[in-house]
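Order of listing sets the numbers, starting from 1, for every ligand and every atom in it.
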Amino acid sequence: MSYEFILTRTEGRVGIAQFNRPKAYNALSPELMQELMHSLETFDADDDIGCIIVTGSEKVFSAGADIKYMARAAAPADMLNSPLIGQWDRLAKISKPVIAAVSGFALGGGCELAMTCDMIVASESARFGQPEIKLGVAPGMGGSQRLTRAIGKSKSMEMCLTGRMMSAEEAERSNLIVRVVPQADLIADVLKTAATIAAMPPMATIANKEMVNSAFEMTLDQGLIVERRIFQILTASEDKKEGMAAFIEKREGQWKGR
Ligand code: DAK
């Protein structure tokens with residue numbers, strides 16, 4: 001895969017997509033989003049990939065949607081018909097786990113994109129924020145919803161209304177991220193988690209992701225039904241037989257993804 005604004009590479013069964021638009025602080029132009037989604041969907045369709053990492057540079061994850069592009073959208077119809085819109089929903093539809101490895105600024109759409117991933121690990125330099133109010137707008141891709149669900153009403157309200165940035169340490173304390181690690185260790189740390197996930201039985205991995213996301217989006221009753229049904233399906237899988245046999249025989253499981 002070769003793109004202009006996204007660098008891709010693989011480490012074993014982990015696919016890595018890295019923003020590469022440094023002069024614009026990795027601003028999320030339609031072209032960059034198109035390339036990002038294509039790279040993620042390609043990893044998602046690849047049986048040799050079990051987990052995906054999205055990351056930026058040491059200085060900036062992403063400063064959000066491209067303000068220079070948005071400034072040209074004068075009427076609501078301009079945004080509605082914009083190629084910017086359709087790209088965003090594709091991220092939440094990736095079936096394999098996606099981890100955001102964040103250093104530096106993750107603002108506006110950058111913060112929303114990180115929150116749409118399945119988990120966030122950050123370095124000490126990370127700064128999260130929804131500063132759209134300062135531009136006369138508001139979060140447009142889930143910031144008001146995902147941030148509120150992650151950190152609660154008061155803190156989310158304060159961040160959206162003042163546009164202030166949250167440090168990595170505060171983000172960890174507020175349950176926005178998994179953990180803070182030293183800058184130099186970020187990619188190695190996230191790769192370790194990603195490699196652990198990528199070595200799990202593939203069907204069970206996708207099922208676990210779907211279940212946790214259900215808890216985020218459904219009532220408890222609905223979520224429990226989803227959990228029960230998916231559990232029943234997994235019970236009939238070859239990997240379930242193999243996983244339980246491997247435990248009893250005290251060996252590593254050999255997964256077929258079926
Ligand atoms: N867009 C375009 N260019 C950006 C940018 C952005 N978001 N952020 C930074 N840049 C560019 C700057 O213009 C500058 O370019 P030059 O002037 O050198 O050409 C370069 O990156 C460096 O920026 P600064 O000179 O400002 O650097 P500083 O270190 O002084 O400050 C900063 C860094 C990140 C604090 C600052 O650049 C900043 O505040 N940036 C804007 C952050 C922001 O407001 N982000 C929210 C954008 S609104 C939707 C989907 C998504 C969205 C909406 C709708 N739909 C699907 C409906 C999302 C909206 C947003 O994200």
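Salt-bridge annotation for Glu35 and Arg21: absent, with no side-chain N of the basic residue lying under 4.0 Å from a carboxylate O of the acidic one. Salt bridge status for Glu242 with Lys256: absent, with no side-chain N to carboxylate O gap under 4.0 Å.
Formation of a donor-acceptor pair under 3.5 Å by the Trp255 side chain with backbone atoms of Asp239 is not found in this model. Not one N or O on the side chain of Gln18 forms a donor-acceptor pair closer than 3.5 Å with the backbone of Leu7. Remark: side-chain polar atoms of Asn208 are paired, donor with acceptor, to backbone N or O of Ala204 under 3.5 angstrom. Remark: side-chain polar atoms of Ser214 are not paired, donor with acceptor, to backbone N or O of Gly223 under 3.5 angstrom. In this structure, the side chain of Asp44 engages the main chain of Ser95 through a donor-acceptor pair within 3.5 Å.
At least one N or O atom of Gly109, backbone or side chain, sits closer than 3.5 Å to an N or O atom of ligand 1.
Heavy atoms of Leu135 found under 4.0 angstrom from ligand 1 belong exclusively to the side chain. Neither the backbone nor the side chain of Lys134 has a heavy atom within less than 4.0 Å of ligand 1.
For ligand 1, the atoms closer than 4.0 angstrom to any heavy atom of Met141 are 50 (C), 51 (C), 56 (C). Close contacts of ligand 1 with Gly64, meaning ligand atoms under 4.0 Å from a residue heavy atom, involve 7 (N), 61 (O). Counting atoms of ligand 1 from 1 in the listed order, those under 4.0 Å from a heavy atom of Ala27 are 1 (N), 2 (C), 6 (C). Residue Leu107 has at least one heavy-atom neighbour below 4.0 Å for each of these atoms of ligand 1: 34 (C), 42 (C). Within ligand 1, counting atoms from 1 as listed, the ones closer than 4.0 Å to a heavy atom of Gly108 are 46 (C), 61 (O).
The nearest protein heavy atom to atom 30 (O) of ligand 1 is not closer than 4.0 Å. For atom 39 (O) of ligand 1, no protein non-hydrogen atom is found at a distance below 4.0 Å. At a distance under 4.0 Å, no protein heavy atom can be found next to atom 25 (O) of ligand 1. The presence of a protein heavy atom under 4.0 Å from atom 7 (N) of ligand 1 is confirmed.
Ranking the protein heavy atoms by distance from atom 51 (C) of ligand 1 puts Trp88 CZ2, 3.7 Å first. Scanning the protein for heavy atoms near atom 57 (C) of ligand 1, the closest one is Ile85 CD1, 3.3 Å. Nearest non-hydrogen protein atom to atom 53 (C) of ligand 1 is Gly140 CA, 3.8 Å. Protein heavy atom at the shortest distance from atom 42 (C) of ligand 1 is Ala63 O, 3.4 Å. When hydrogens are left out, the protein atom nearest atom 58 (C) of ligand 1 is Ala65 CB, 3.4 Å; that is the closest non-hydrogen contact. Nearest protein heavy-atom contact of atom 22 (C) of ligand 1 is Tyr25 CE1, 3.4 Å. Atom 41 (C) of ligand 1 has Ile67 CD1, 3.7 Å as its closest protein atom, hydrogens excluded (heavy atom only). For atom 4 (C) of ligand 1, the nearest non-hydrogen atom of the protein is Ala24 O, 3.7 Å.
Side chains of Ile6 and His38 form no contact here, defined as non-hydrogen atoms less than 4.5 Å apart.
When only modelled atom types and interatomic distance are considered, Thr219 and Gln222 share a side-chain donor-acceptor pair under 3.5 Å.
Checked options Leu191, Asp189, Val190; the residue passing with Ile187 is Leu191 (criterion: side-chain contact (heavy atoms from CB on, under 4.5 Å)).
Relative to atom 17 (O) of ligand 1, the option among Lys23, Lys68, Met33, Met70 with the closest non-hydrogen atom is Lys68.
To the nearest 0.5 Å, atom CD1 of residue Ile16 and atom OG1 of residue Thr55 are 8.5 Å apart.
Taking every heavy atom of both residues into account, Leu28 and Leu113 meet most closely at CD1-CD1, 4.1 Å.
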Side chains of residues 97-105: which donor-acceptor partners sit under 3.5 Å, not counting sequence neighbours?
unit_1, atom_1, unit_2, atom_2, d
Ser103, OG, Ser123, OG, 2.8
Ser103, OG, Gln183, OE1, 3.4
Ser103, OG, Gln183, NE2, 2.9

